[in-house]
Amino acid sequence: MNRKALKLNLPSIVGKERDYVNRAIGSPNLAGDGPFSQKVQALMAQQFGMSVLPTPSCTDALEMTALLSNLGPGDEVILPSYSFVSPALAFAMRGCRLVFADSDSRFPHIGWDQIEPNLSSRTKAVVVVDYAGSGHDLDRIERKCRERGVILIEDAAQAIGVRFGVKGRWLGSFGDAGTFSFHATKNVGCGEGGALVLNRMDWRERSYILWEKGTNRRAFFQGLVDKYGWVDYGSSFLPNELTMAYLLAQLEQVEWINRQRIAIWEQYFEAFEPLEKEGLLKRQMHPPGSDHNGHLFYILLPDSKTRRQVSRILSTQRIQSAFHFQSLHRSKFAERLNTEGQAPCPESDRFSDTLLRMPLNLSILPADVERVAGAVRMALIC
């Protein structure tokens, strides 16, 4: 039987994407901060209570946080080793010394217990990553950073529409600033896109200047200055209207999208339970106190050799699987940075070597989940 290919990620049209993009095409304004960009900002403010600036990517939003933090050579930034490269890039480009924290043993997040041993007199900022669309220990991390005068950046790239803790705060709203990704692989996507969450009032005016290529152009259009010019650092951090039109339609359906993905995640969790009971693998765990949005489902295998075997056999069954992040402290580029004397990150390395992601997108059916679990079983017992 020629079974369908099961893709890890598969972007889906879920609402008015075509309609909004066609409207944008007919608009005289296709550049940044146009009507659709402003609608995205208004919608996120209404849905999540967040003041945001849309960006071309989450990487751009993180670079803005590095600029807003006013850090430079000699300043240390603590961040997870198990992470995509963007948070590290943003601060490395400012000349900061990166200090990599190990993951919690239960899940690929860092908590205060992993951050605290890495603190020094030179620590100026901490970056946390809401891995797989869930948060961990954020109330404590936020409080401890505030007590020490340490800047906290929340990388919520994968965590749109998720609440955390007893107060039910939205992920992305912790610390001094947060960032989102709207890459095609995310729950809500527009090809490439992101957003900077403005949590600090004293950063907001400068955020708009950085957003506008280091100019006070926004103040000019508001009538606050009679002409605008170059006043600060900045870059082309504004996304175009076509991207924002597509994103708006996706954001309007974020609750529905997340519900569908959570349902698929729960089917995976149930389907893999027998394999975990047999000691063949471990299922994904989310941190206590956090909701999640079904962004991804992973299994943990005994070792890297087993993972390669399982991935190879899944591929022969037209099932796409993938490793995820590789420990940043083990990367080739990290060898060029000043990371000598840092503590090892064995848990990060374990996740890097044994974590395998399963296909999760809106086209996945219950029968597909059973097919994936069956193929994994076959790979493990052959």
Flag side-chain contact, heavy atom, 4.5 Å: [X] against [Y]:
| X | Y | value |
| --- | --- | --- |
| Ser173 | Val197 | no |
| Gln342 | His329 | no |
| Leu242 | Tyr246 | no |
| Ser315 | Gln320 | no |
| Gln253 | Val188 | no |
| Ile299 | Tyr268 | no |
| Phe91 | Leu98 | yes |
| Ser235 | Glu63 | no |

Run the numbers on Ile141 and Ile115 for side chain to side chain contact (heavy atoms under 4.5 Å, CB included), then give the verdict.
CA-CA 8 Å; Ile141 294 171; Ile115 294 168; 3.9 Å; yes
Decide if atom [atom1] of [X] counts as having more than 12 heavy atoms of other residues, nucleotides or ligands within a radius under 6.0 Å.
| X | atom1 | value |
| --- | --- | --- |
| Glu255 | CD | no |
| Lys213 | NZ | yes |
| Gln46 | CD | no |
| Lys282 | NZ | no |
| Arg18 | CZ | no |
| Arg148 | CZ | yes |
| Glu270 | CD | no |
| Gln38 | CD | yes |

Output field: ring centroids Phe237/Trp211 closer than 6.0 Å:
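No, ring centres 6.0 Å or more apart.
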Answer with yes or no after comparing the ring centroid distance for Phe351 and Phe325 against a 6.0 Å cut-off, counting only values under it.
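So the answer is no for these two rings.
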Working note: Val99 + Arg97, criterion side chain to side chain contact (heavy atoms under 4.5 Å, CB included); need CA distance, chi angles, decisive distance, verdict.
CA-CA 6 Å; Val99 179; Arg97 183 173 187 266; 3.7 Å; yes
Between [X] and [Y], do the side chains contain an N or O donor and an N or O acceptor separated by less than 3.5 Å?
| X | Y | answer |
| --- | --- | --- |
| His183 | Ser181 | no |
| Asn29 | Ser27 | no |
| Asn187 | Arg261 | yes |
| Asp102 | Ser348 | no |
| Asn293 | Arg163 | no |
| His109 | Asp130 | no |

Which is it for Tyr20 and Glu252 under the side-chain hydrogen bond (donor to acceptor under 3.5 Å, both in side chains) test, yes or no, and what are the steps along the way?
CA-CA 12 Å; Tyr20 289 173; Glu252 289 175 344; 3.0 Å; yes
Under 4.5 Å between side-chain heavy atoms, counting indirect links through other Ile/Leu/Val/Met/Phe/Trp/Tyr residues: same cluster for [X] and [Y] or not?
| X | Y | value |
| --- | --- | --- |
| Leu53 | Phe180 | no |
| Leu251 | Trp256 | yes |
| Ile262 | Ile257 | no |
| Val372 | Leu10 | no |
| Leu296 | Val162 | no |

Asp353 pairs by salt bridge (charged side-chain N to carboxylate O under 4.0 Å, His left out) with which of Arg308, Arg330, Lys305?
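Among Arg308, Arg330, Lys305, the one that satisfies the salt bridge (charged side-chain N to carboxylate O under 4.0 Å, His left out) with Asp353 is Arg330.
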I need the [X] [atom1] to [Y] [atom2] distance, nearest 0.5 Å.
| X | Y | atom1 | atom2 | value |
| --- | --- | --- | --- | --- |
| Arg204 | Asn199 | CZ | CG | 7.5 Å |
| Asp176 | Arg146 | CG | CZ | 8.5 Å |
| Leu67 | Met93 | CG | CE | 8.5 Å |
| Ser290 | Leu171 | OG | CG | 5.0 Å |
| Trp170 | Gln47 | CH2 | CD | 7.5 Å |
| Arg218 | Ser207 | CZ | OG | 10.5 Å |

By the definition ring pair (Phe, Tyr, Trp, His ring centres under 6.0 Å), identify the one residue from Phe107, Tyr131, Tyr298, Trp265 that meets it with His286.
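For His286, the ring pair (Phe, Tyr, Trp, His ring centres under 6.0 Å) test succeeds with only one of Phe107, Tyr131, Tyr298, Trp265, which is Trp265.
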Residues Met358, Leu314; criterion side chain to side chain contact (heavy atoms under 4.5 Å, CB included); working and verdict
CA-CA 10 Å; Met358 300 293 102; Leu314 289 180; 4.1 Å; yes
Whether [Y] and [X] form a salt bridge (side-chain N of Lys/Arg under 4.0 Å from carboxylate O of Asp/Glu) is what I want to check.
| X | Y | value |
| --- | --- | --- |
| Lys144 | Glu116 | no |
| Arg122 | Asp75 | no |
| Asp139 | Lys167 | no |
| Asp303 | Arg307 | no |

Scan Thr59, Thr179, Asp155, Asp60 and name whichever one has a side-chain hydrogen bond (donor to acceptor under 3.5 Å, both in side chains) with Ser86.
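Among the candidates, only Thr59 passes.
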Taking the six-membered ring of [Y], is the NZ or CZ of [X] close enough (under 6.0 Å from the centre) and on axis enough (within 45°)?
| X | Y | value |
| --- | --- | --- |
| Lys186 | Phe182 | no |
| Arg357 | Phe297 | no |
| Arg283 | Phe272 | no |
| Arg169 | Phe174 | yes |

Residues Arg350, Glu347; criterion salt bridge (Lys or Arg N to Asp or Glu O under 4.0 Å); working and verdict
CA-CA 5 Å; Arg350 180 172 63 87; Glu347 299 299 337; 2.8 Å; yes
Given side chain to side chain contact (heavy atoms under 4.5 Å, CB included), test Ile78 with Leu119 step by step and report yes or no.
CA-CA 8 Å; Ile78 300 172; Leu119 291 170; 3.8 Å; yes
Given side-chain hydrogen bond (donor to acceptor under 3.5 Å, both in side chains), test Ser37 with Glu241 step by step and report yes or no.
CA-CA 6 Å; Ser37 175; Glu241 278 291 277; 4.9 Å; no
